[in-house]
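One structure is given here, and the rest of the page talks about it.
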Amino acid sequence: MSNSPFGDISVKQFLEEYWQKKPLLVRNAFPDFEPPVSPDELAGLALEEDVESRLIIQSPDGKDWQLKHGPLSEESFSELPDSHWTLLVQAVDHWVPEASELVEQFRFAPNWRLDDLMISYATDGGGVGPHYDNYDVFLIQASGTRRWEFGGIYGEDSPRRDDVPVMILPEWEAEQSFDLQPGDMLYLPPRVGHNGYAVGDDCMTYSVGFRAPSHQEIWESFSNYLDNITCAEDRYSDPDLQQQANPGEITASAIQRVQNILHEYIDSPELLSHWFGQFMTDPKYPDLAGEQSSELSDDEIRSLIEQGAPLCRTEGSRFAFYRQDGHFILFADGKGCACSPEQTELAEQLCADLYHSDIKVTEDNIVLIKALLLQGSVYFLDADL
Ligand code: SIN
Ligand code: CO
């Protein structure tokens, strides 16, 4: 595999010219692509309680659309028509280690901008219809052929059909159209209108989706965070109050005082980074977080490291770190942990790569690994403990 998934285009050039700016089609981005998940395995995942999936069935004329949310039943598969349906399974990288390795190709963007790997399977004509997404996406053709039509920038105000359970832009018009074959990849920035449908059967598309919090989510999360760190005595105060001509006036100095309060919080990189690290590494599925939790003793951890047992980030776990003025915080799955200088090397390794077998045996590293094992963010591969 070359260093760039963009063929002749370097990652640097991709970021400068395409990322969040314009679509890019890369022919043969993944030569000899071997899909790590078969259609049967995908259907199997859709039957699972914990897996997020959708089945979309359309009438061949595109007028009617049906949507079924997973977990799906065996019967829902046996009742399907011969064509014009698609199954979409979210976060396959959380469940299948080989699928999570594919996502590693896209770490040129920060970990906390990645959302998940979605895989779709479609029969002839199947797709989700013309729509836009608010996120960047890389669409990798894994098997069969998909025709991607795209063009135009859409948003909340764009007309959409209100008689169907999926987003369909009725006034959408394609500007470009390409047939993608296995190994080809299409990058689409947020809000570009698109419609992808299978040309022939057995069409599988892998979508590496990114995430970006809305301003509304940022304010909501930040104010929840402040809720926990402020107390009832932290209040608006005005010891410099001057008599007003009209008591109804909200004076410029009152607004200035409010502004000062807000600045106190938003001007603190320490506070902002602590909140942001937790916010952006929050697990995609909080109810499932910690399922792989394991409690090992210091001696067990020491012996596993000495044996060279690979330590792995749990698939789907989110890791990031923030460093400033000699302070280093590792964030894993929504939890922040201040690291000692001896722990930062391991913390950085965990953020950069999926597997590690060259860990230094130190007390500090054992403490860090123990905490991460306990919260289910890492695990030892092949450890029968
Ligand atoms: C797909 O059908 O694989 C992708 C759906 C989309 O366009 O978001
Ligand atoms: Co889309």
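Just so you know, ligand 1 is whichever comes first in the structure, and atom 1 is the first atom listed for that ligand. Computed from a prediction, not measured in an experiment: that's the story for all the values here.
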*Looking from the Co ion (ligand 2), what is the angle between NE2 on H194 and NE2 on H131, to the nearest 10°?*
90°

Flag for [Y]-[X]: side-chain donor and acceptor within less than 3.5 Å:
| X | Y | value |
| --- | --- | --- |
| Q181 | T145 | yes |
| Y187 | D136 | yes |
| H131 | N195 | no |

_Out of all atoms in ligand 1, which are within 4.0 Å of some heavy atom of T205? Include the element for each._
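The atoms of ligand 1 under 4.0 Å from a heavy atom of T205 are 3 (O).
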
*What is the ring orientation for F108 with W19, classed by angle as parallel under 30°, tilted 30 to 60°, or perpendicular over 60°?*
perpendicular

_Check the orientation of F14 and F6. Use parallel for under 30°, tilted for 30 to 60°, and perpendicular for over 60°._
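F14 vs F6 ring planes: parallel.
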
*How does W148 reach ligand 1, if at all, at less than 4.0 Å between non-hydrogen atoms: by side chain, backbone, both, or neither?*
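It is the side chain that gets close, since no backbone atom is under 4.0 Å.
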
Which residue holds the protein heavy atom closest to [atom], what is that atom called, and what is the gap in Å?
| atom | answer |
| --- | --- |
| atom 3 (O) of ligand 1 | S120 OG, 2.6 Å |
| atom 5 (C) of ligand 1 | V128 CG2, 3.9 Å |
| atom 8 (O) of ligand 1 | H131 NE2, 3.2 Å |
| atom 2 (O) of ligand 1 | R146 NH1, 3.4 Å |

*Is there at least one pair of N or O atoms, one from H194 and one from ligand 1, spaced under 3.5 Å apart?*
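Checking ligand 1 against H194, an N or O pair does fall under 3.5 Å apart.
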
*Would you check whether D133 reaches within less than 4.0 Å of ligand 1, judged by its heavy atoms?*
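Contact check D133 vs ligand 1: positive.
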
_For N/O/S atoms only: which one belongs to D133 and is nearest the Co ion (ligand 2)?_
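Output for this pair reads OD2.
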
_Taking the side chain as everything from C-beta on, heavy atoms only, tell me whether V51 gets closer than 4.5 Å to V92._
no

_Sole candidate of R146, R147, R27 that passes salt bridge (charged side-chain N to carboxylate O under 4.0 Å, His left out) when paired with D184_ = R27

